[in-house]
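Structure, as C-alpha cells:
All ligand and atom numbering here is 1-based and tracks the order in the structure. This chain uses plain numbering: 1 for the first residue, then up along the sequence.
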Amino acid sequence: MVTDPLLRRRLRRARRELSQRAQRDHAAAVCRRLLSSGLIRSARRIAFYLPIAGELDPTPIREQLRGRRHWYLPVLRPHTPGRLWFVHDAPKTRWRRNRFGILEPSGRYRQIVPPQGLHVILVPLVGFDAHCHRIGMGAGFYDRSLAFLRDRRHWQRPRLIGLAHECQRLDAIEPEPWDLPLDAVVTEHALYQRGP
Ligand SMILES: Nc1nc2c(c(=O)[nH]1)N(C=O)[C@@H](CNc1ccc(C(=O)N[C@@H](CCC(=O)O)C(=O)O)cc1)CN2
Ligand SMILES: Nc1ncnc2c1ncn2[C@@H]1O[C@H](COP(=O)(O)OP(=O)(O)OP(=O)(O)O)[C@@H](O)[C@H]1O
C-alpha cells in the first residue's frame with residue numbers, strides 16, 4: 001500500500017527498540033512455531049535474510065532445521081534495478097555489502113537462482129496484518145521480484161512466509177495492486193495464515 005511514512009517510521013522504531021533479550025526470545029519462539037507448523041517441512045531450497053535494524057532474526061530456523069536443505073540470500077540484481085535474485089549461501093561464500101550496508105554473497109553464476117526456483121522464501125517486513133498483507137522497507141524489491149506469482153500458470157510457486165514481531169501487526173492494511181500477499185506470517189504470539 002502507499003504507506004504513510006510516519007506509520008512506516010513508527011513500525012521501524014518499534015522493531016529497533018526491542019531489547020536484545022526480546023529479540024532473542026522472539027526469534028526462538030518464531031522458530032519453534034514455524035517448525036511445528038509443518039509449513040517448511042518438505043522445503044529443500046529456502047531463502048532467508050540477514051536481519052537489520054531489529055528485524056526478526058531467522059538464523060535459529062536455519063540452525064534447527066535438519067536434513068538436506070540449501071539456503072539462499074537476497075541480492076540486489078546489478079543490471080535490473082529494483083529486483084532481487086537469490087544466491088546460495090555456501091561454505092566458501094565471499095561477501096560484499098550492498099548499497100544499504102547489508103552483506104550479500106557475491107555469488108558466481110551457478111549459485112544464483114531466480115525466485116521461481118525456491119520452495120520457501122522467508123520474507124522480512126516492517127508491518128503486516130492478520131490477512132498476511134505486508135508493508136516492507138518501501139522500495140518494492142520483494143513485490144517486484146515476486147510479481148510473477150500473480151500468473152496462475154506458474155505451477156511451481158515458492159511459499160512466502162513473513163517473519164515478524166507481534167509489535168509489527170496492524171489492524172488492517174489496504175493492499176495496493178502490486179502488493180503480494182504472504183501465505184503466512186509467524187510471530188512470537190501466533191501463526192497467521194492467509195484464507196483460501
Ligand atoms: N534484511 C533485509 N535484507 C533485505 C531486505 C530487507 O528488507 N531486509 N530487502 C527488502 O526489500 C532488500 C533490501 N531493501 C532495502 C530497502 C531499503 C533499505 C533502507 O535502509 N532504506 C533507507 C534509505 C537508504 C537509502 O536510500 O540509501 C531508509 O529507508 O531509511 C534497506 C534495505 C534485500 N535485502
Ligand atoms: N511489480 C511491480 N512492478 C513495478 N513497480 C512495483 C512493483 N511492485 C512494487 N513496485 C513499486 O515499488 C514501490 C514501493 O512499493 P511498496 O511500498 O509496496 O514497497 P515494500 O513492499 O514496502 O518494499 P520492499 O519489498 O522493498 O520491502 C511502489 O511505489 C511501486 O510503484
Gap between atom CD1 of I121 and atom CZ of R159 - 0.5 Å precision: 12.5 Å

Group every Ile, Leu, Val, Met, Phe, Trp and Tyr by side-chain heavy-atom contacts under 4.5 Å, then state whether L125 and I102 land in the same group. yes

Can you tell me if E17 uses its side chain to pair, donor with acceptor, with the backbone of A14 under 3.5 Å? no

Relative to the heavy atoms of Y142, which atoms of ligand 2 are at a distance of less than 4.0 Å? 25 (O)

Polar contacts were defined as any N/O atom of the residue lying under 3.5 Å from an N/O atom of the ligand; does this apply to I135 and ligand 2? no

Quick check on contacts: which atoms of ligand 2 are under 4.0 angstrom from a heavy atom of D179? 18 (O)

Any donor-acceptor pair under 3.5 Å linking the side-chain atoms of Y142 with those of R134? no

Between A147 and ligand 2, is there a nitrogen or oxygen pair with a distance under 3.5 Å? no

Should the ring pair H26 and H165 be called parallel, tilted or perpendicular, given that the plane angle runs from 0 to 90° and is split at 30 and 60? tilted

Which option out of P124, S145, G138 puts a heavy atom nearest to atom 20 (P) of ligand 2? G138

Any non-hydrogen side-chain atom of W71 less than 4.5 Å from a side-chain atom of L65? yes

Yes or no: does E176 have any heavy atom under 4.0 Å from an atom of ligand 2? no

Joint hydrophobic cluster, F48 plus W95, side-chain heavy atoms closer than 4.5 Å: yes

Hey, what do you get for CZ (F141) to CZ (R83), rounding to the nearest 0.5 Å? 11.5 Å

Spatial distance of atom CG (L163) from atom CD (Q168) [nearest 0.5 Å]: 10.0 Å

For R134, the ligand 2 atoms whose distance to one of its heavy atoms is below 4.0 Å: 21 (O), 24 (P), 25 (O), 27 (O)

Do F100 and V126 land in one hydrophobic cluster if side-chain heavy atoms of ILVMFWY residues count as linked below 4.5 Å? yes

When you look for protein heavy atoms under 4.0 Å from ligand 1, which residues do they belong to? R12, Y49, L50, I52, E55, P74, L84, F100, I102, P124, M137, F141, Y142

So which bit of R8 gets within less than 4.0 Å of ligand 2, heavy atoms only: side chain, backbone, both or neither? side chain

